[in-house]
Amino acid sequence: MPVKGKRFGLKRQEMANRAELLCKNKRCHFSKQEVERLLQMYKEIVSTQTNELKVRIRNGIDRNRFRDLLHQNFGITEDHLMDKIFKAFDGDNDGFINEEEWVLGMSVFLKGTLEEQAEFCFGVYCFRGDGYISREEMYQLLKNCLVKITHEEDPDEMPKDLVEIIIKKMDSDHDGRLSLEDYVKAVKEEKLLLEALGRCLPDNNRKTVFLQNIADVKDHVY
Amino acid sequence: MGQALQRAAQWTSAKGGSGGKLEFTKLNEELLNTIIQWIEGFGAKYPEEAKLSFKSPLTWPSSLRADMLSGAGYTERGEEVVSEAQNDKGDHPLLVLKKSGAQEYMISIMNLEYAEAVLRMASEKKLSEVRSCLEANRDPVVNMLGERFATVEGDDNSIFRFIEEITKEIETLAKQSVNAENEGNTEKQAEIEMKKTQLKLRLQLLRLDQQLLNQSIISITKDVRLTPVSVDGEVSILKDLSGEDDDKCVLDSIEYFGDGYVFKNGCRAQPWRQLHGDICYLVVKPHDGDTMYITANTSGYYLNNGLDPMKAGDLKYTKVGDSYKDLVTLLKDKSPRFGELIDKQEFALKVRDRDHDHVIDHGGETRSYTEEDDFTHRTDTKRQEKKDKDQKEDKQKQNATKKKKLSPSLKWKALGMEEYNEDEKKDKEKRILRKKRTPTQLKSKTPMGAEDSFSESSTESEEEEESIERRSETNADLPSEYWQIQKLVKYLKGGNQTATIIALCSMRDFNLAQETCQLAIRDVGGLEVLINLLDTEEIKCKIGSLKILKEISRNTQIRRAIADLGGLQTMVKILRDLDKDLKCLAAETIANVAKFRRARRTVRQHGGIKKLVGLLDCPNVQGTLTPDMEKDVEVARCGALALWSCSKSKKNKEAMRKAGAIPLLAKLLKSTHENMLIPVVGTLQECASEPSYRLAIRTEGMIEDLVKNLNSSNQELQMHCASAIFKCAEEKETRDLVRQYGGLDPLVALLANNSNKELLAAATGAIWKCSISAENVKRFQELKAIDLLVALLNDQPEEVLVNVVGALGELAKDPPNRAQIRKAGGISPLVNLLTGTNQALLVNVTKAVGQCAEEQDNMAIIDKLDGVRLLWSLLKNHNPEVQASAAWAICPCIENAKDAGEMVRSFVGGLELIVSLLKSENKEVLASVCAAIANIAKDEENLAVITDHGVVPMLARLTNTTDDKLRRHLAEAIARCCNWGNNRVAFGREKAVAPLVRYLKSSDEMVHRSTARALFQLSKDPENCITMHEAGAVQPLMKMVGSVDEDLQEAAAGCIGNIRRLALANEKARYS
């Protein structure tokens, strides 16, 4: 059907333009093709959202859908962290991830430099948004890290101890809390500390799978 | 009953023979009683069978007296008392009692009726009667029924066989009786009857046999006899509880008697005593009373008569008193103090593991004993005493538990560590306890014994155990790191990925190079966790864990622990991972761990070599690199590092070669980075000990790179390069390549580097091997290497000296260099080195001195320094290589010394020594000694002396050799030795001539020359001429006359001349 074909062509053109635009953003590490594929994905995700939400389709991916995505594609399961990752993606804080947020977020999430990812992680952990990760925040993040040992006198002690370890290792300006600078500096010294307070980045295998997926755009039936 | 007697009864001598005695054991007694019962009731139940005559009498030394047999039915016949009744053939009385000595009688009986009668007469002595009967007749059934009923091991002893056989006989007899007529008939009938009774008796005997066997099985199952193992166990436990302190040690001492030799079967008693069942003898000194000598017999423990005053080191083995089933009971009976003390040990004894079950029993027994004691002596005082004792005991127990709570080692228990650590900890606990033996620790002292078995099973090296000891001393105040690390390990165990990574990172902040931290990680069970982490999917955890393992595996104990925990297998698996960082870390850790043999084997067996070689494959090593390529290079570097460690095992070298490591190493060798080159060259020099690698190193063009890197500024790299060249330069082509690539210059330049001894050793070694080629010697000459080398003769470690002297020895093959060595002042230090003890050094020094002695001026110095005497004394060295090279060195000395004959004579016993070396088995020694003897024999007086020492027959004996080198020098020596007295004739007599003729067929010209000379000398004796002629010497000698070698010509011609002359003279004599 020519009409549909034309529509399709238009849409495609439009998408290509948008992709090109996004590619020019220096924070984007994707090729144009990859961006296009991501945008397609975005469309698919948005379109599968329930009817009720479709009303606000222009707003983008909502929290629940994003959580599913994180779970299915990247194996991130921790509740509180998923919400925080959503927040980190949602730059304008409107409760939805729009196209730009989606592509740029994914760029950092999958292909970001060490520094970018450190910033991203910091953003995830720093949920109060005051630019610092306090002891309290760390405690909240780490309290579920350890298997509860019943015979231990004080179950709180161990997470608290972990917090102290983090402070000791990462707080280079000794103010008892982590600033972004502290965090980036420590991560640069020791890469392993990138996700120091909980997993918020995909693991290598899933990342590779996902990247392959979006690279194979040509074979994908559209 | 044959079976029972053979199997069940306990005979003292282990195997057969008539001398065996039945042991006085309960089991035997029971058996005998059964037999007696059987015999006593037999006559009444089976009168016919009882009357059946035996095939041959049962005879044994009896305690019965002639007077006891008086009465009806018995008659006296001289010294014998016989029964009136005779056997059915009528040629033998049924009972004979014969006097065999003053008070000794031998009794023989012919049927069971009389056996019964004998027992009746013996009344209370019947047991001993049966005993001696059975001892004298090991298989009574044979006597009773004939040989074919003998109990033969492995034969068919079932009743059916007998029934079959006997019924067959009866049948044939019955047939005969039918055929036969009249009177014969009754005879046959009687015979049939007899056979039938025979069969019945046999059946009865079999029933008895079975009864006995059953009985013995029941009692055997109850009765556990002592074995060497159980004795050793018991003794070692008591040993641990022994000591001087009579408050807590149950015995003063307990020791094995004798020289401590343990036979293969575990017994310590001498073999002839083992025949009596003795296992070992114990010397026990209790706190009260005298030293006791105890025999541990298979039947139990008993006291013996102690030391034999007549024979030193021997015991009087006679048994004194009862025997006991266990040592503790015996000692308790003999030493009250022991009983008291051992009772206090009972709690401790309970902790024993299953292997020591019987000891636990003792504990129980012991307790019941005391209760019984209490019961029997129920006097007030006693009770009071007991009460006091109990109170004291209680207090001690309390103290002990209190103490236990305080002891630092017990805190560890609460941490719930894994089994591995439990053992470790117990070990430590034990050691601490050994260190501080306070009275209150009486209880915990006993587990020590039990835990000895733990430490036995551990395979830790001596060194490791020592360091545990060291640590346990400081155990009381463990460093704070220890507790912190322990906490971190706890987080590692109980945390998710995030907590694990935090803990890993924090752990890395400790100084992991410090032994305290390394061992702390191990001691709190951190190694297991770290190794387990390697098996997870979490890449970050793996990286973090490997980063720690890499650091701490520098410690030898940690290495072993990692290997023991199977860490190598996991790391080998990781080598296949896609992540390059991970691969690097795993390879580096393997490099650290594979420093000992077992680890290297593990790596190989799990396919690690192949994977490591795979890591070497990196596309580009030169030029500017992208970060990605740099990663690849880093992976290759780590792979090389691991292979370097692994290449110390021969099999690994082979595996590496097969995996195709050589071309990859060759490629990496082109790199310009030192940190890459060092492991690569290190691996190469390690592998260069294999000829296949040497060939490959040459053909793959690696020599050029090695030479190039000799000019590096890194001393370690230089060292490995030099040492690779050292090993490779065994081959001539390699030596030439080194020269062609200009490698000799940097090698000589390295000699200036006096501070790094390893480098110096490698460089001098390379020079040594390179100087084997004459062209290289020239170059070294130009570089004035000799002066530098001579300067190194003083104050260097042996490994350097060996190479320096080796190099000088090679260089001195060129005459101008000999003078150069002298001018540089090298002779004197060389001669001084002859007094050393290092075998490799001595071989080289003797060679060098020998080379130097080729020159007259040098020889003068050597002589002045008494070098020849030193060389001569080295002939006494037990290393054949040293002997040979000393003998070689002596040759030029004798040739070039002034007044050599006098000099040689001046060595007391020297000539005898060198002649005696002709008995050596080593071909090289023989050849060198022959050469030396040829030189010695130049002096007539010395020749006379060595002739007296029997040199002629000894040389003659060697003539059958096929070794050309030995042949040449042997012929030379024979030629020279012919010049004295009738030695020529003597060689002929010793049949040395014919073998010498065979030498002419050798392909070696030098052999021909010396052989021709020897034959010429020998041909001066007519008998020898005949032998030569017969052996076909003329033909080859004729050919040799035509040789270009004048010496050979002359000698061959002379020899033929002599043979000819003899023939002419013969002819003349015949025709005149």
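Convention: sequence-line order gives letters A, B, ...; per-chain numbering from 1.
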Region of A:Ile165 that comes under 4.5 Å of a non-hydrogen atom in chain B: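 Side chain only.
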
Part of A:Glu195 lying under 4.5 Å from any heavy atom of chain B: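 Both parts, heavy atoms under 4.5 Å.
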
Decide if atom [atom1] of [X] counts as having more than 12 heavy atoms of other residues, nucleotides or ligands within a radius under 6.0 Å.
X: A:Lys87; atom1: NZ; answer: no
X: B:Lys610; atom1: NZ; answer: no
X: A:Glu100; atom1: CD; answer: no

N/O donor-acceptor pair under 3.5 Å between B:Thr589 side chain and B:Leu585 backbone: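 Checking the backbone N and O of B:Leu585 against the side chain of B:Thr589, a donor-acceptor pair under 3.5 Å is found.
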
Close approach to chain A in residues 497-505 of chain B, criterion heavy atom under 4.5 Å: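 If one takes a 4.5 Å heavy-atom cut-off, the residues of residues 497-505 of chain B near chain A are B:Gln497, B:Thr498, B:Ala499, B:Ile501, B:Ile502, B:Cys505.
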
Side chains of A:Asp175 and A:Tyr132, donor plus acceptor under 3.5 Å: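 Short answer, no.
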
Salt bridge flag under 4.0 Å for residues B:Lys631 and B:Asp581: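 Yes, B:Lys631 and B:Asp581 are salt-bridged.
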
Full working for side chain to side chain contact (heavy atoms under 4.5 Å, CB included) between A:Phe30 and A:Lys111: CA-CA 8 Å; A:Phe30 294 119; A:Lys111 285 191 154 183; 3.9 Å; yes

